[in-house]
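First the structure, in the form of structure tokens, and then the observations on it.
Values below: every heavy atom of this structure, side chains too, minus hydrogens, waters and symmetry copies. By convention here, the first residue in the shown sequence is residue 1. A quick note: this is a predicted structure, and the numbers were derived from the prediction, not measured.
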Amino acid sequence: RAAGLIAEETTMTDPTTASPEGEAATAATWDLTPKVSPYLDLHMMFPLLEYVDSLISSGLIPFRAEDVAAARLSLLRPTHMVDYAMDIYRELHGQDAEIPEEMEEQKMKVFERMEELRAGCARFHELCGDEERNKLVAEGKWNINALSQMTALGVTPEVVETYRQHAKFNFDCGDYQASRDMLENYLSLFASPPKQKGDEDDDGLSPQDQAKAEEAGQTIGDPAMYYLTAVDSDLLQVLWGKLSCEILVEDWEEASTALTAVKTAIEQLASTKKITALEALRQRTWLLHWSLFVFWNNSSKGLESMVELFFTDLYLQAVTTNAPHLLRYLTSAVLLVKRRVAKNSGGSGRSSDARRLMKDLVRVMRDCEYTDPIVEFVECLCVKFDFESAQAKLAECEAVLTADFFLCKQTALFMEEARVFVFENYCRIHNKIDLAALGEKLAMDQDQAERWIVDLIRNALLDAKIDSEERCVVMGGESQSVYEQVMERTRDLNVRSGTLVQNLANVLNEAKKEKARKARAALEDDDEY
């Protein structure tokens, strides 16, 4: 579903009256839970609150566990997760506390409604798991119109709608796996996938065969959107529901597919003017927040995909306009993928692709009215070249990363990449660097700094050598290869050529119009005489 209830009653966002110091104070000051929560489905808030609970028990954040439990109980009220709500109630009021009568009544109503929905769509539910479904799909009859015409099946549009409501009800009860399977069945009624040549061909038709199928009159849906032939606001809601289920069951590969489907549907609705530009901006803002679950948990180029999405013009507009706090996650992702991008470019760490990535990030930072230690760390290095301040901000970054639900698993890797980033920038303005001074900049002793630099040189990540006598690092030349220079200067050649052609065409058109105008004027003069 496209929108969930917002955690408006989340009282844990304010620190306790005590004045905490050190890392806990830093983590509390830069906690983004209250900024992120309005853009999440309320079911997605439970993992975040559970993580906050773990931070409280570890003493890493100065919030009260009772406030978090009260917020969780408040979030549970609109859902049908009554058993979970009862557990939280006992956690707040004691294990021997009497459960309120309204909770017991709500539990009975949930069971009654569940049975009512299950009975209302039983025939279609059975058909989804029957072999007859495969036959109907092969015959092209697996859609609402065709099924409703076969009265013996007992599947009507009303039954299908009840099935969708049952899927949503399961979701509200916390049965995300069942809801996901049901939504998949529901979406298949509106899909038109390519016909398979055989069971061994799991990837569908080739582009050539697909074109032939379309020429033969077979309509094939959009493969980026579960082969849906068209999408409207109602189907968009279902796609949001599918994405939320994949996130909550933590199937990150399928969640990535669902994320692409929602993105494709939003852009299709926006391009056909079925939703307003303002609504499209709102939907993109929600998608960016939900994507954090997918990108920060998907090990298969998740962060590269995140950087690509966030730097897309339409989604960058959503960041700068509605959600500048997402700059924290974009900055972190850029720092983590920078060296991987450089390696994939076939060059060293000085690759032009990596440099352009940092330039784009700095440009976004200027457009966003948001800051935190992670953003300030990059600003100190790339804009101010203030290494002392960068070192102080890096110490704060570790506390912020540890307390962030999305970034916590990347804390060690981020700190390593940040040290490399400090070193790279320090080396740009120094030809010879004292190991003792460098160790101080990197919060290492001299021997640790030397071993660390040796590893960088050994892994071909640094063009330098160590002078053992003078105990210093001597940097190599910082010159671009001919290949890099050619690529840098010709990167926008197609765009510039296209612009030149367009301008030339405009000039020629204007010249033709002017020539035709003069010819008409000459004819008019001849007619007068």
I'd like to check F293 versus L40 (side-chain heavy atoms, cut-off strictly below 4.5 Å). Are they in contact?
yes
Can you confirm whether E246 sits close enough to W252 that some side-chain heavy atom of one is under 4.5 Å from a side-chain heavy atom of the other?
no
Hits for side-chain hydrogen bond (donor to acceptor under 3.5 Å, both in side chains) against S256, two or more places apart or cross-chain, chain-then-number order -> none
All side-chain hydrogen bond (donor to acceptor under 3.5 Å, both in side chains) counterparts of E267, not counting sequence neighbours:
R284, Y315
Between L239 and L228, is there a side-chain heavy-atom distance shorter than 4.5 Å?
yes
Would you please classify the geometry between the Y186 ring and the F190 ring as parallel, tilted or perpendicular, with 30° and 60° separating the classes?
tilted
Which atom of A333 lies closest to which atom of M306, heavy atoms considered:
CB-SD, 4.0 Å
Compare all side-chain heavy atoms of M225 with those of Q268 and state whether any distance is below 4.5 angstrom.
yes
Are the side chains of L187 and L235 in contact, using a 4.5 Å heavy-atom criterion?
yes
Would you indicate whether the side-chain heavy atoms of I374 and W30 approach each other to under 4.5 Å?
no
For T276, which of K273, E279, K274 qualifies under side-chain contact (heavy atoms from CB on, under 4.5 Å)?
E279
Taking C-beta and beyond as the side chain, do E470 and D434 meet within less than 4.5 Å on heavy atoms?
no
Could you grab the distance from atom SG of C397 to atom CZ of F377, nearest 0.5 Å is fine?
6.5 Å
How far apart are the closest heavy atoms of L236 and A265, and which atoms are they?
CD1-CB, 3.8 Å
If you apply the rule side chain to side chain contact (heavy atoms under 4.5 Å, CB included), what do you find for E417 with K338, and how did you get there?
CA-CA 9 Å; E417 293 294 335; K338 184 171 67 67; 5.9 Å; no
Euclidean distance, L243 CG relative to W286 CH2, rounded to 0.5 Å:
12.0 Å
With a 3.5 Å cut-off and no angle check, do the side chains of D372 and Y370 form a donor-acceptor pair?
yes
Sub-6.0 Å ring centroid separation between Y329 and F310:
no
Hey, are the side chains of F295 and L309 touching, using non-hydrogen atoms and a 4.5 Å cut-off?
yes
For the pair W240 and W290, name the ring-plane relationship: parallel under 30°, tilted 30 to 60°, perpendicular over 60°.
perpendicular
